Amino acid sequence: QVLLVESGGGLVQAGGSLRLSCAASGRTFGVYGMAWFRQAPGKQRELVASISPGGLNTVYTDSVKGRFTISRDNAQNTVYLQLNRLEAEETAVYYCAASNSGLQRAEKFYDVWGKGNQVTVPS
């Protein structure tokens, strides 16, 4: 079973950029749909972006469209989230997740989760 480890989080000023990485173990990374979720303090976890196994299809939550980009490199077993023009509202723990059902929006379809990585944007 795939194991996921996020990295690249930290503190960045409003308007700045950050790139999160999620490294996967195993030999079958290319069959999983992948996603980034986030959870801010006191709020529900929400989908940020998702990408199909081959990387041809992506979805984004409306609030990040045009600013965030999800991508993957199956040869390196890695999925990325590029976060641009960051706002204070993006402060959250970001989670990488894998789905055996391809690209999905709903949290219930994701079978494997990373431990999370903090992104902080001061207001």
Side-chain angles (χ1 to χ4, degrees):
Q1 183 171 262
V2 64
L3 299 175
L4 307 175
V5 180
E6 305 101 333
S7 63
L11 188 148
V12 62
Q13 298 298 313
S17 297
L18 204 65
R19 189 174 79 156
L20 302 179
S21 298
C22 176
S25 65
R27 302 174 182 175
T28 58
F29 177 73
V31 309
Y32 292 96
M34 300 296 298
W36 291 94
F37 291 80
R38 67 185 178 188
Q39 187 167 27
K43 296 185 178 180
Q44 296 272 35
R45 187 159 57 192
E46 65 172 347
L47 177 72
V48 179
S50 185
I51 188 166
S52 60
L56 296 179
N57 299 308
T58 59
V59 297
Y60 298 90
T61 192
D62 286 346
S63 64
V64 308
K65 287 180 180 177
R67 297 189 296 116
F68 291 8
T69 302
I70 188 171
S71 61
R72 67 192 297 162
D73 185 343
N74 288 351
Q76 297 294 323
N77 276 21
T78 304
V79 64
Y80 305 95
L81 185 69
Q82 179 69 41
L83 303 83
N84 294 329
R85 303 198 306 279
L86 280 160
E87 303 169 1
E89 289 75 16
E90 270 73 67
T91 295
V93 176
Y94 284 70
Y95 298 89
C96 179
S99 170
N100 282 315
S101 302
L103 187 153
Q104 299 288 345
R105 292 177 172 85
E107 187 173 323
K108 67 180 181 180
F109 291 104
Y110 288 86
D111 310 295
V112 182
W113 294 76
K115 65 181 293 185
N117 198 250
Q118 178 73 44
V119 173
T120 301
V121 185
S123 60

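Reckoned from all heavy atoms, side chains included, excluding hydrogens, waters and symmetry mates. Being a predicted model, the structure only gives us computed values, none of them experimental.
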Under 3.5 Å donor-acceptor, [X] side chain and [Y] backbone:
X: Ser50; Y: Val59; result: no
X: Ser25; Y: Leu3; result: yes
X: Asn74; Y: Pro53; result: yes
X: Glu6; Y: Gly116; result: yes
X: Arg72; Y: Ser52; result: yes
X: Ser123; Y: Ala88; result: no

Quiz item: With sequence neighbours left out, what residues match Arg45 under salt bridge (charged side-chain N to carboxylate O under 4.0 Å, His left out)?
Solution: Glu107
So which atom in [X] and which in [Y] form the shortest heavy-atom distance, rounded to 0.1 Å?
X: Ser101; Y: Ser99; result: N-OG, 3.0 Å
X: Ala40; Y: Ala92; result: N-CB, 3.8 Å
X: Thr78; Y: Gln76; result: OG1-O, 2.9 Å
X: Pro122; Y: Gln13; result: CG-NE2, 4.1 Å

Partners of [X] by side-chain hydrogen bond (donor to acceptor under 3.5 Å, both in side chains), sequence neighbours excluded?
X: Glu46; result: Arg38
X: Lys115; result: none
X: Asn57; result: none
X: Asp73; result: none

Practice problem: In sequence, state the C-alpha distance, the side-chain angles, and the governing distance for Gln118 and Thr91, and then conclude on side-chain contact (heavy atoms from CB on, under 4.5 Å). | Solution: CA-CA 8 Å; Gln118 178 73 44; Thr91 295; 4.0 Å; yes
Exercise. Give me the one residue out of Trp113, Phe109, Tyr95 that meets ring-ring contact (aromatic ring centres under 6.0 Å, His included) with Phe37.
Key: Trp113
Quiz item: Other hydrophobic cluster members with Val112, side-chain heavy atoms of Ile/Leu/Val/Met/Phe/Trp/Tyr under 4.5 Å, chained?
Solution: Val2, Leu4, Val12, Leu18, Leu20, Phe29, Val31, Tyr32, Met34, Trp36, Val48, Ile51, Tyr60, Val64, Phe68, Ile70, Val79, Leu81, Leu83, Leu86, Tyr94, Val119, Val121
